[in-house]
Protein chains: 2
Amino acid sequence: MPRPSVREQLVDAAAECFHERGYNGTGIQDIARTAGVPKGSVYNHFASKEALAAEVMDRYAVSRKLEMLRDKAVAPVPRLRAHFEYLASDLKQFSFERGCMFGNFGAELSNHSDAMRGKVDSGLTLWTTAVTQVLEEARAAGALMTSLTPDQLGQFLVNAWEGAVLRAKVTRSRTPLDGFFVVFDSFVA
Amino acid sequence: MPRPSVREQLVDAAAECFHERGYNGTGIQDIARTAGVPKGSVYNHFASKEALAAEVMDRYAVSRKLEMLRDKAVAPVPRLRAHFEYLASDLKQFSFERGCMFGNFGAELSNHSDAMRGKVDSGLTLWTTAVTQVLEEARAAGALMTSLTPDQLGQFLVNAWEGAVLRAKVTRSRTPLDGFFVVFDSFVA
DNA sequence: ACCAATAAGACGACCGTTCATATTCTCAGG
DNA sequence: CCTGAGAATATGAACGGTCGTCTTATTGGT
């Protein structure tokens with residue numbers, strides 16, 4: 001058994017700092033302090049700040065729980081709705097202050113780092129694909145009240161969600177998310 | 001008549017830098033270099049970096065051309081569509097790399113500066129109100145193909161647009177905006 | 001005793017901001 | 001029309017601090 005490593009604590013601390021203050025708004029010092037380790041230790045585990053951020057993004061993507069979109073035990077429409085409700089509850093935990101890390105990093109780092117832009121892109125694409133697949137099930141079940149294709153609708157819903165989350169962050173309220181659900185319900189039922 | 005001032009050049013340069021690299025990603029030095037003036041000159045015209053950013057935001061809000069949403073000479077639906085098309089053409093000018101400054105600053109600075117968060121909030125609210133008013137005209141003309149209220153739809157459309165713009169920034173393509181227009185056309189016609 | 005993980009501090013560069021100085025413009029008074 | 005005092009603006013160096021990163025010495029487990 002290796003000596004208890006601070007690597008996990010560092011990723012956790014970095015996720016918290018990046019999510020709250022953004023990439024450029026967070027210093028290595030902040031992360032180290034939050035993790036309770038000296039600054040110099042960070043580079044024992046990560047080659048650079050950007051490498052650390054990349055790991056944070058990977059973790060965040062996993063935490064979106066895309067598996068619940070593939071759980072055939074639940075009917076497609078409630079399943080999709082529950083997914084967005086889960087994301088909403090995640091946002092509410094921090095009073096809607098943090099927003100979605102895909103959106104935050106996408107806005108802040110797309111022009112700074114192609115690697116990061118790629119990570120955000122593929123994260124969003126994976127998510128969109130999963131949403132689209134649920135919508136295809138819904139269509140097969142006759143639960144799609146629109147002539148739009150599942151693909152068109154999936155792309156749009158994910159983007160609309162990101163926009164609503166951003167607005168929720170700016171207004172510090174759930175209202176934009178409620179607005180999303182109202183329109184969501186007018187599309188699928 | 002005052003001596004030709006570098007103030008304008010500074011705001012322009014700051015807008016460019018902030019839009020491209022974000023607030024925390026831009027240094028006073030960058031702005032000064034872009035404007036072609038020495039670094040020290042910046043503080044002759046602005047009390048702080050944040051004050052400069054505030055001025056940039058004010059300018060950006062004006063440049064959104066909300067007046068075109070109030071031009072009763074054009075029918076409401078084409079008017080609204082033309083508005084979003086104008087925004088899209090603005091984004092295309094920079095290969096979709098820059099995104100919307102409301103979205104960028106909202107994501108990056110909401111937790112950093114309450115003043116900035118307020119500016120983004122009121123900018124988006126003003127915009128949303130103008131959009132909603134056009135939608136009310138459209139409803140009166142029987143051109144709204146949805147049971148949603150103009151207010152619900154206005155809020156949603158603005159948020160969905162912001163999300164689409166963000167996605168366009170990440171993918172560096174117009175595709176998400178096209179997706180927005182498809183759904184837009186399914187709502188109003 | 002060996003070796004990887006850790007800690008601590010130092011690196012040069014740049015951060016946002018301030019200040020003392022130099023320059024330029026405005027406009028009285030002669 | 002000229003002059004020169006005074007206000008406004010421009011300048012670039014310098015401030016203390018923090019940035020991301022690296023080097024070096026020390027620690028602790030096998």
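As the structure is a prediction and not an experimental result, all values here were calculated from the model. The sequence lines fix the lettering, A, B, ..., with proteins before strands; numbering per chain opens at 1.
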K.L.:
Mark yes or no for a side-chain to base donor-acceptor pair under 3.5 Å between A/Lys39 and D/dG20, with no hydrogen or angle criteria applied.
P.N.:
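Present.
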K.L.:
Would you kindly give the CD-to-P distance between B/Gln9 and D/dT9, to the nearest whole Å?
P.N.:
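Nearest whole value for this atom pair: 15 Å.
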K.L.:
May I ask you to decide if the ring planes of A/Trp127 and A/Phe84 are parallel, tilted or perpendicular, using 30° and 60° as cut-offs?
P.N.:
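A/Trp127 and A/Phe84: tilted rings.
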K.L.:
Any non-hydrogen side-chain atom of B/Tyr60 less than 4.5 Å from a side-chain atom of B/Phe102?
P.N.:
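The answer is yes, as the side chains (C-beta and beyond) meet within the 4.5 Å cut-off.
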K.L.:
So, B/Arg59 and B/Asp12, do they make that salt bridge, N to O below 4.0 Å?
P.N.:
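Counted as a salt bridge, because a side-chain N and a carboxylate O are separated by less than 4.0 Å.
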K.L.:
Take atom CZ of A/Arg7 and atom P of C/dA4, then tell me their distance rounded to the nearest Å.
P.N.:
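Rounding to the nearest Å, CZ of A/Arg7 and P of C/dA4 are 17 Å apart.
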K.L.:
Can you tell me the distance, in whole Å, between the CD atom of B/Glu50 and the C1' atom of C/dT17?
P.N.:
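Interatomic distance, CD of B/Glu50 to C1' of C/dT17: 14 Å.
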K.L.:
Would you indicate what A/Gly40 reaches in the nucleic acid, counting non-hydrogen atoms under 4.0 angstrom: base, sugar-phosphate, or nothing?
P.N.:
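The answer is base, as A/Gly40 lies within the cut-off (heavy atoms under 4.0 Å) of a base atom.
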K.L.:
To the nearest Å, give me how far apart NZ (B/Lys49) and C1' (C/dT18) are.
P.N.:
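Computing the B/Lys49:NZ to C/dT18:C1' distance gives 17 Å.
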K.L.:
Starting at CG of B/Leu52 and ending at P of C/dT17, how long is that distance when rounded to a whole Å?
P.N.:
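Taking CG of B/Leu52 and P of C/dT17, I get 10 Å after rounding.
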K.L.:
Can A/Glu20 and A/Arg98 be counted as an ion pair, charged N to O under 4.0 angstrom?
P.N.:
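A salt bridge is present here (some side-chain N lies under 4.0 Å from a carboxylate O).
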K.L.:
Could you state the atom-to-atom distance from CG of A/Asp30 to P of D/dG17 in whole Å?
P.N.:
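My rounded result for the distance is 17 Å.
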K.L.:
Please state how far atom NE2 in B/His45 lies from atom C1' in D/dA10, giving the value in whole angstrom units.
P.N.:
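To the nearest whole Å, that distance equals 8 Å.
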K.L.:
Check whether any side-chain nitrogen or oxygen of A/Tyr43 sits under 4.0 Å from OP1 or OP2 of D/dC22, and answer yes or no.
P.N.:
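A/Tyr43 to D/dC22 OP1/OP2: no side-chain N or O under 4.0 Å.
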K.L.:
Nearest nucleotide by nearest heavy atom, which residue falls closer to the 5' end of DNA chain D, A/Asn44 or B/Ser41?
P.N.:
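Comparing both residues, the 5'-ward one is B/Ser41.
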K.L.:
How long is the line joining CD1 of A/Ile28 and P of D/dT21, in whole Å?
P.N.:
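Going from CD1 in A/Ile28 over to P in D/dT21 covers 6 Å.
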K.L.:
Look at A/Gln29 and D/dG20 and indicate whether a side-chain polar atom (N or O) is within less than 4.0 Å of OP1 or OP2.
P.N.:
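Negative; the distance criterion is not met.
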